[in-house]
Amino acid sequence: MSKHAATATEPRNHPPSARIAVLGCGNMGHTLLQGLVSGGCPPDLLRGADPSAARRAQLKDLKIPGYATAGEAIAGADAVLVAVKPGQVPGLLREIRNTLPPGALLLSIAAGIRLRTLQAALPPDTPIVRAMPNTPALIGAGITGLCATARLDPRLRRRAEAILRSVGSTLWIEPEQLMDTVTALSGSGPAYFFYFLECLETAAVELGLPTEQARLLARHTALGAAQMSFSGNSSAAPVDLAGLRRAVTSPGGTTEAALREFQDAGLEDITRRALRAAQRRADSLSEPSE
Ligand SMILES: NC(=O)c1ccc[n+]([C@@H]2O[C@H](COP(=O)([O-])OP(=O)(O)OC[C@H]3O[C@@H](n4cnc5c(N)ncnc54)[C@H](OP(=O)(O)O)[C@@H]3O)[C@@H](O)[C@H]2O)c1
C-alpha cells in the first residue's frame with residue numbers, strides 16, 4: 001500500500017472528551033461547536049470566544065459558555081481551536097501565547113496559515129495541527145484535510161481528528177505543502193460543483209424544462225452520481241470513475257454525444273488549469289514565516 005493511500009475517517013464516531021475552546025464563533029467556529037454538541041459532546045466541555053455579542057448569544061442556544069475574549073475561554077482547555085479570519089490570527093496568537101494551557105493542542109483552521117508560522121508565534125513544543133475544512137461542514141458532510149507538526153503525540157492526532165469529525169470526514173495530508181492542493185480541491189471544490197450544476201440547469205431550461213424540474217433533476221443526478229462513486233455508501237471504497245462512466249455510455253448513444261462535446265472543448269485541461277490557479281492562489285495567500 002502506498003504511503004499516501006487515502007482512507008478518510010467517517011464523521012461522528014466518538015465525540016471528543018476533551019475541554020475545547022473555540023476562538024472565533026463565526027460561520028466555521030459556530031458550525032464546529034454545533035457539530036460537536038449534536039455529535040454528543042457535553043456542552044459543559046465546550047467554550048466559545050467572540051467579540052460579537054450576537055455571536056455569543058447564539059452559543060447560549062447550544063448551552064455553551066461564551067466569552068468576549070480568547071484569554072477567558074482558553075483557561076483549562078485541552079484543545080484550542082483557532083477559527084478567526086487568517087488576517088486576525090497573528091493578533092489572536094499574541095493574545096493567547098502567554099496563557100495557553102501547557103500541553104493544550106492548538107488546532108487552526110485558518111486558510112493559508114502555515115504550521116511554521118503558528119509555531120513561531122507560540123511557546124516552543126506547543127502541539128499544533130492545521131486543518132482545511134470545507135463548507136459542506138455546515139450540514140455535517142464536510143471533508144477536512146489535516147496536517148500536524150512533526151512527532152505529534154498520536155493521542156493529540158486522534159483528538160484533532162475527533163473534533164473535525166463532528167462536521168464530516170477527515171484525511172491526514174503530508175507533506176504540508178499539499179495543503180494548498182487540498183485547498184484547491186476540497187476547500188474550493190464545492191463551488192466548482194455548484195457552478196457545473198448551474199450550467200446544467202441553465203442548459204436544461206433553454207431546452208424547454210421548467211426551472212424547478214431542471215433544478216430537481218440536476219441536483220438529484222449529482223447526488224446519485226456522488227453516491228454511486230462510493231458504491232452507494234460514503235463509507236465504502238471509492239469506485240473507478242472511468243468504469244462507472246463507461247457503464248452508462250453506450251456506443252453511439254446520447255451520453256457519448258454529450259461527453260464528446262466536453263472532451264472536444266478540453267474539459268480535462270480546463271480542470272487542470274483551474275486547480276493549478278487555485279493552488280497558486282492558496283500558496284500566494286500563505287504568509288512568509290515570521
Ligand atoms: N467559511 C469557510 O467555508 C471556511 C472553510 C475553510 C476554512 N475556513 C477558515 O475558518 C476561519 C473562520 O472563517 P469564518 O468564515 O468562520 O469567519 P467569520 O465568520 O468571520 O468568523 C470569525 C469570527 O472570529 C471573530 N474574532 C475576530 N478576532 C477574534 C479574537 N481575537 N478572539 C475571538 N474571536 C475573534 C470575528 O469577530 P469580528 O467579525 O468582530 O472580527 C468573527 O465573529 C478562517 O480562517 C477561514 O480561513 C473557513
Side-chain angles (χ1 to χ4, degrees), residues 20-36 46-60 62 64-75 77 79-100 106-115 117-118 121-122 128-147 160 163-171 173 176 178-194 278-279 281-287:
I20 303 165
V22 174
L23 311 182
C25 300
N27 296 319
M28 269 294 160
H30 189 264
T31 294
L32 278 156
L33 284 168
Q34 215 164 22
L36 285 162
L46 305 173
R47 305 268 182 279
D50 201 290
S52 150
R55 301 278 200 199
R56 294 198 301 278
Q58 289 173 338
L59 298 181
K60 269 202 191 126
L62 298 171
I64 295 173
Y67 299 90
T69 66
E72 295 169 278
I74 65 172
V80 171
L81 197 148
V82 174
V84 298
K85 291 281 186 207
Q88 297 168 324
V89 172
L92 175 64
L93 297 182
R94 276 195 297 277
E95 213 177 311
I96 62 171
R97 68 162 289 135
N98 294 326
T99 47
L100 198 60
L106 192 291
L107 175 55
S108 166
I109 62 164
I113 306 284
R114 299 205 189 285
L115 287 170
T117 305
L118 298 164
L122 292 168
I128 303 175
V129 170
R130 174 184 169 195
M132 173 49 62
N134 64 3
T135 47
L138 295 167
I139 56 162
I143 181 148
T144 299
L146 295 161
C147 83
I163 293 172
L164 271 313
R165 279 164 74 182
S166 66
V167 292
S169 302
T170 57
L171 192 62
I173 304 296
E176 186 190 2
L178 289 176
M179 288 296 275
D180 290 338
T181 310
V182 172
T183 304
L185 177 57
S186 56
S188 303
Y192 312 155
F193 288 99
F194 297 147
Q279 184 206 38
R281 185 72 187 123
D283 178 51
S284 73
L285 288 174
S286 300
E287 77 297 58

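Just so you know, ligand 1 is whichever comes first in the structure, and atom 1 is the first atom listed for that ligand.
Of the candidates Ala83, Gly48, Ala54, Ala83 brings a heavy atom nearest to atom 22 (C) of ligand 1. Nearest-residue assignment for atom 13 (O) of ligand 1 (options Glu95, Arg94, Lys85; heavy-atom criterion): Lys85.
Under a 4.0 Å heavy-atom criterion, Gly187 is not in contact with ligand 1.
Considering backbone and side-chain N/O atoms, Asn134 never comes within less than 3.5 Å of an N/O atom of ligand 1. The distance criterion of under 3.5 Å between nitrogen or oxygen atoms is met by Gln88 with respect to ligand 1. Of the polar atoms of Val84, at least one N or O is found under 3.5 Å from an N or O of ligand 1, judged by distance alone. Any N or O atom pair closer than 3.5 Å counts here, and Ala111 shares at least one such pair with ligand 1.
Between Leu46 and Val22 the shortest side-chain heavy-atom distance does not fall below 4.5 Å.
Residue-level proximity to ligand 1 for Met28 is carried by backbone and side chain together, each with a heavy atom below 4.0 angstrom. Of the heavy atoms in Ser52, none comes closer than 4.0 Å to ligand 1. Residue Met132 touches ligand 1 through its side chain alone, judged by heavy-atom distances below 4.0 Å.
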Practice task
Show your working on side chain to side chain donor-acceptor pair (under 3.5 Å) between Arg114 and Thr117 and close with a plain yes or no.
Solution key: CA-CA 5 Å; Arg114 299 205 189 285; Thr117 305; over 6 Å; no

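Gln34 and Thr31 form no side-chain donor-acceptor contact under 3.5 Å, judged by distance and modelled atom types alone.
Summarising the geometry, atom CE belonging to Met28 is positioned 5.5 Å from atom CG belonging to Leu138; distances are rounded to the nearest 0.5 Å. In this structure, CG on Leu100 lies 9.0 Å from CG on Leu93, to the nearest 0.5 angstrom. We find the OG1-CD distance between Thr181 and Gln279 to be 4.0 Å, quoted to the nearest 0.5 Å.
Checking atom 26 (N) of ligand 1 against the protein gives a heavy-atom contact under 4.0 Å.
Applying the side-chain hydrogen bond (donor to acceptor under 3.5 Å, both in side chains) test to every pair with at least one member in residues 130-144, sequence neighbours left out, gives these pairs: Arg130-Glu176.
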